[in-house]
Colleague: 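The following block contains the structure, expressed as structure tokens.
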Amino acid sequence: MPFTKIYNLYYIRIYQFVYRHSFSHPDSEDITQEVFMNLHTEINKKNTPNNIKAWLYKCALNKFININKRKKVIHLTDNINQYEKALTNSIEYEVIQNEKKRLISKALSMLSQKEQILLNLYNDDFSYKEISKILEIKFTSVGKTLSRVIDKLAIQIKKSNHEELCRERSII
Amino acid sequence: MKNCVEKEVLFDFYHHSLEKDQMQVIKKHIEECKDCRNLLDLLSKDISLVKDSLNLLNSEIIEIPEFQAPTNNIKEKNKINYIKILSIAASICLLISISTLSILKFTRNQKPVNDYELLVFIPDMNDAWKAQSITVTHYDKDGVLVNHEIIGN
């Protein structure tokens, strides 16, 4: 597959994947650009990876982890405030969306970083085999961990939705 | 619920990631067991809830910027560095050679500062003293005789 085709196909996916972890546009843009730069040099060296999609995600993940190590910011909770700031000057729809996002990221922050990455990879339609390769965990434990994590997150989301409903009713 | 399927296995069943025989066994069981059917239904709802929530976190519409390929390869970069170092070394050599040449030329062209020169000088002064035959002649810088003197008798 030629490079430009790969670039157009995966740019947004990689960007969203990084954004869902970092909640920072400049970081996501930088990491995505760097990932494709690396791929470009790999292709020039004629070392084209077998599974390009998995390679791209793994590369993005490593870069994201490295950046976080440098910044010493690891958890999503630090980025939740961003939504609260946006609340002050946005229209009603955006307010509701931001509130939803805030609740979800709060629920996500209850999970460990590895669990969050696992979920995001699952959300991007990776097979168990690919996930186990990217995260370097056992193939057999992928399904078990995933089902546990999804269970946990679903409960958290439902709980926060319920709390939100209760709060709305009490206000009315 | 005695022979019912565990939630984790049901999760794998939902994703078709079990072996064929196992898939068929569970499929058969689900058709018969209402609890397991409900559980599978709940599981699929949970999965779609989680997926929807995660997708909500996605950023707004993103534009794909044009890819700017790195123009200089490593080899070319090395070449440029090599040329830079060579040119610096050459310029230093040139500077040193010019400066040494000019210093040499300056020292060669330098004239004695004295106004007159001692033209006749007898090697053994003691013998000359004994013979009492020391002569001293002075010329100025235009070569005109200034002083001619015989020391002693």
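Just so you know, these numbers use all the heavy atoms, side chains as well, and skip hydrogens, waters and symmetry mates.
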Colleague: To the nearest 0.5 Å, what is the distance between CG (Asp46(B)) and CD1 (Ile155(A))?
Modeller: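 Rounded to the nearest 0.5 Å, the CG-CD1 separation comes to 7.5 Å.
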
Colleague: Grouping I, L, V, M, F, W and Y whenever their side-chain heavy atoms are under 4.5 Å apart, do Tyr57(A) and Ile64(B) come out in a common cluster?
Modeller: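 Yes: a chain of side-chain contacts under 4.5 Å links Tyr57(A) to Ile64(B).
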
Colleague: Which atoms form the tightest heavy-atom contact between Leu54(B) and Arg20(A), and what is the distance?
Modeller: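 Shortest heavy-atom contact: O-CD, 3.3 Å.
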
Colleague: Would you give the length of the straight line joining atom OG of Ser141(A) to atom CD of Glu8(B), rounded to the nearest 0.5 angstrom?
Modeller: 10.5 Å

Colleague: Please examine the side chains of Asp125(A) and Lys51(B), heavy atoms only from C-beta on, and report whether any two atoms are closer than 4.5 Å.
Modeller: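 Yes. Closest side-chain heavy atoms under 4.5 Å.
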
Colleague: Give the minimum heavy-atom separation between Ala154(A) and Val50(B), together with the two atoms involved.
Modeller: N-CG2, 4.0 Å

Colleague: Which residues satisfy the side chain to side chain contact (heavy atoms under 4.5 Å, CB included) test with His15(B), sequence neighbours excluded?
Modeller: Tyr122(A), Tyr128(A), Phe11(B), Ser17(B), Ile47(B)

Colleague: Are Phe139(A) and Val149(A) connected in the hydrophobic side-chain network, where two residues link if heavy atoms are under 4.5 Å apart?
Modeller: yes

Colleague: List the atom of Lys101(A), the atom of Leu56(B), and the distance in Å for their closest heavy-atom pair.
Modeller: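 Heavy-atom minimum between the residues: CE-O, 3.1 Å.
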
Colleague: Give a yes or no on whether Val25(B) and Leu40(B) share a hydrophobic cluster (residues Ile, Leu, Val, Met, Phe, Trp, Tyr; joining criterion: side-chain heavy atoms under 4.5 Å apart).
Modeller: no

Colleague: Name the option with the most non-hydrogen atom pairs under 4.5 Å to chain B; the candidates are Leu103(A), Asn123(A), Asp151(A).
Modeller: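 Between Leu103(A), Asn123(A), Asp151(A), the count favours Asn123(A).
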
Colleague: Would you check if Ile150(A) and Leu43(B) make a side-chain contact, meaning some heavy-atom pair closer than 4.5 Å?
Modeller: no

